[in-house]
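First comes the structure, then the notes that go with it.
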Amino acid sequence: MKIFAGYDCGGTKTTCILADEYGRVLAKGTGGPSNFLSCGFSIASASIKESTKQALSCAGIKDETLYSAYFGSAAVEFFSESQKVRAFFEGCVPAKYIRFNNDAYIAFYGATFGKPGIVMVSGTGAVAYGIREDISWVKVDGWGHLIGDEGSGYSIGNKAIRLAVKSFDGIAENKPFENAVLKHFSISSMRELIKIIYADPSLSRVRIASAANCVFALYSEGNRIAAEILEDAANAIVASIVAVYKAMNVTDDETVVVFSGSVLKKCECISKLVKRKLTEGGSHNFRITWPEVSPATAALLLSYNVPDGNNYNNSVERIICKCRMTHDEER
């Protein structure tokens, strides 16, 4: 039996999905963060191996050699052929065929299945890509949390934590944020944050990004400052989408914009704000859509594109039919 695998290598977790040559989905496994630019090669490798091990175990497969594996990772540039990156993935998973691309591409592919458009990713980080008909592409943001990533979970979470510690220090009165952060991290004193944030530098970015949930919760309670933070995030996301569109220099009457990432999924307020602001702009017709299959499933579909002389179109269609999500499920 030929085993195909798709991987979504995120900044927070890794997902692996296995299927056979007939398009029968066998199992799914998960692991920790595997964006090696933020967590390092050692943690990323362990996470990928763990997700593979789980999936193989759930599928009842003892032979760990895969036929084809496709990785989507924010640590990979679009359509990269880096031998160093290839060697890393080959060291994580034994497979006859190994290919990889940016995680934004697998999110994009899960919505358009290869047709041109824009993908806006707002998760732990934030980046927007435009993919043209000829597969050429443009990129906006993706500079990382230290100098970019406005509109990301990290940016939102960082603002929440800053407001909380200022409240604790008596510099500004923001008790709701202080209480929300204490509850989120399950701590009794704000000083305990130092250990949580700084103890393991490889995880600090993810932990700070998780505090975006504090802002989402406070917004749902009608907190004015939380609403302002989310408004700023929406403005940053819109600015990235518009910048990508202008750089693409396309003349089509309509441009598909794919939403992806935990921030746009979890916070309906931001996605609605972005839609409204794009519509109010009036200069172009943007059609907002969500992936029809998960990023890991999209990577699985891409794993069937191998040069072995076989046509796996029926297998791909079978997986799409089985794994297609509604937009509400994706969010």
Side-chain angles (χ1 to χ4, degrees), residues 1-10 13-34 44-76 79-81 85-115 258 260 290-326 329-330:
M1 180 169 60
K2 295 177 181 177
I3 305 299
F4 294 76
Y7 292 84
D8 178 18
C9 301
K13 73 173 184 177
T14 304
T15 302
C16 166
I17 299 181
L18 304 180
D20 65 14
E21 67 264 45
Y22 305 107
R24 293 179 297 205
V25 178
L26 304 174
K28 179 172 76 171
T30 59
S34 55
S45 177
S47 298
I48 292 170
K49 290 177 180 178
E50 175 59 27
S51 69
T52 307
K53 182 179 178 181
Q54 278 190 24
L56 288 168
S57 178
C58 289
I61 300 171
K62 295 182 179 180
D63 184 0
E64 296 187 7
T65 300
L66 307 177
Y67 187 68
S68 177
Y70 196 104
F71 297 86
S73 170
V76 177
F79 300 102
S80 169
E81 293 297 332
V85 174
R86 175 171 294 281
F88 167 73
F89 287 127
E90 288 176 344
C92 296
V93 176
K96 181 175 181 179
Y97 297 105
I98 285 183
R99 290 181 303 132
F100 46 88
N101 210 329
N102 187 272
D103 62 342
Y105 182 73
I106 60 173
F108 175 79
Y109 190 86
T112 68
F113 302 110
K115 295 179 181 178
V258 180
S260 184
W290 296 84
E292 292 190 38
V293 299
S294 71
T297 302
L300 176 63
L301 298 175
L302 287 162
S303 75
Y304 284 88
N305 185 17
V306 291
D308 65 356
N310 292 310
N311 186 323
Y312 295 104
N313 289 343
N314 289 337
S315 300
V316 168
E317 288 298 324
R318 183 174 185 176
I319 293 171
I320 292 173
C321 290
K322 179 178 176 57
C323 300
R324 181 177 273 120
M325 305 176 296
T326 66
E329 287 173 333
E330 169 64 8

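From a predicted model like this one, the values you see are computed outputs, not experimental measurements. Because only heavy atoms are used, hydrogens play no part in the values below, and waters and symmetry mates are left out as well, while side chains stay in. Note that the numbering runs from 1 along the sequence shown for the chain.
- Checked by atom type and distance alone, the side chain of Q54 pairs as donor or acceptor with a backbone atom of T30 at under 3.5 Å.
- S73 pairs by the side chain to side chain donor-acceptor pair (under 3.5 Å) definition with nothing, not counting sequence neighbours.
- The nearest pair of heavy atoms linking G110 to F113 is O-CZ, 3.8 Å.
- Scanning both residues, I61 and M1, for their nearest heavy atoms gives CD1-CE, 4.3 Å.
- Pairing each heavy atom of V258 with each of A107, the nearest pair is CG1-O, 4.0 Å.
- To the nearest 0.5 Å, the span separating OH on Y7 from CG on L300 amounts to 10.5 Å.
- Side chains of Y70 and L301 form no contact here, defined as non-hydrogen atoms less than 4.5 Å apart.
- With rounding to the nearest 0.5 Å, the separation of SG in C92 from CD in E50 is 13.0 Å.
- For the atom pair CZ of R99 and CZ of F79, the computed distance is 10.5 Å after rounding to the nearest 0.5 Å.
- Taking every heavy atom of both residues into account, V76 and F89 meet most closely at CG2-CE1, 4.0 Å.
- Here side chain to side chain donor-acceptor pair (under 3.5 Å) pairs that include residues 295-313, with residues two or more places apart or in two chains, are K2-Y312, Y67-D308, S294-T297, D308-N310, D308-Y312, N310-Y312, N311-N313.
- Considering CZ of F4 and CG of L18, their distance stands at 11.5 Å, rounded to 0.5 Å.
- Counting all heavy atoms, side chain and backbone alike, K28 lies closest to C58 at O-SG, 4.2 Å.
- With hydrogens and angles ignored, the 3.5 Å screen pairs a side-chain donor or acceptor of S47 with a backbone N or O of P33.
- Residue pairs meeting the side chain to side chain donor-acceptor pair (under 3.5 Å) criterion with at least one partner in residues 103-113, sequence neighbours excluded, are absent.
- In this structure a side-chain-to-backbone donor-acceptor pair under 3.5 Å is missing from S57 to K53.
- The environment of Y22 atom OH is sparse: at most 12 non-hydrogen atoms of other residues, nucleotides or ligands sit within 6.0 angstrom.
- Within the 4.5 Å cutoff, side-chain heavy atoms of F88 are placed close to those of I48.
- Atoms OG and CG, from S51 and L56 in turn, are 9.0 Å apart once rounded to the nearest 0.5 Å.
- R86 contributes a side-chain N or O that, together with a main-chain N or O of I98, makes up a donor-acceptor pair within less than 3.5 Å.
- When all heavy atoms are compared, the tightest approach of A296 to T15 is CB-CG2, 3.8 Å.
- With rounding to the nearest 0.5 angstrom, the NZ atom of K96 is 12.0 Å from the OG1 atom of T65.
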Exercise for review: Dump the intermediate steps for side-chain hydrogen bond (donor to acceptor under 3.5 Å, both in side chains) on S34 and T14, then the final yes or no.
Suggested key: CA-CA 6 Å; S34 55; T14 304; 2.6 Å; yes
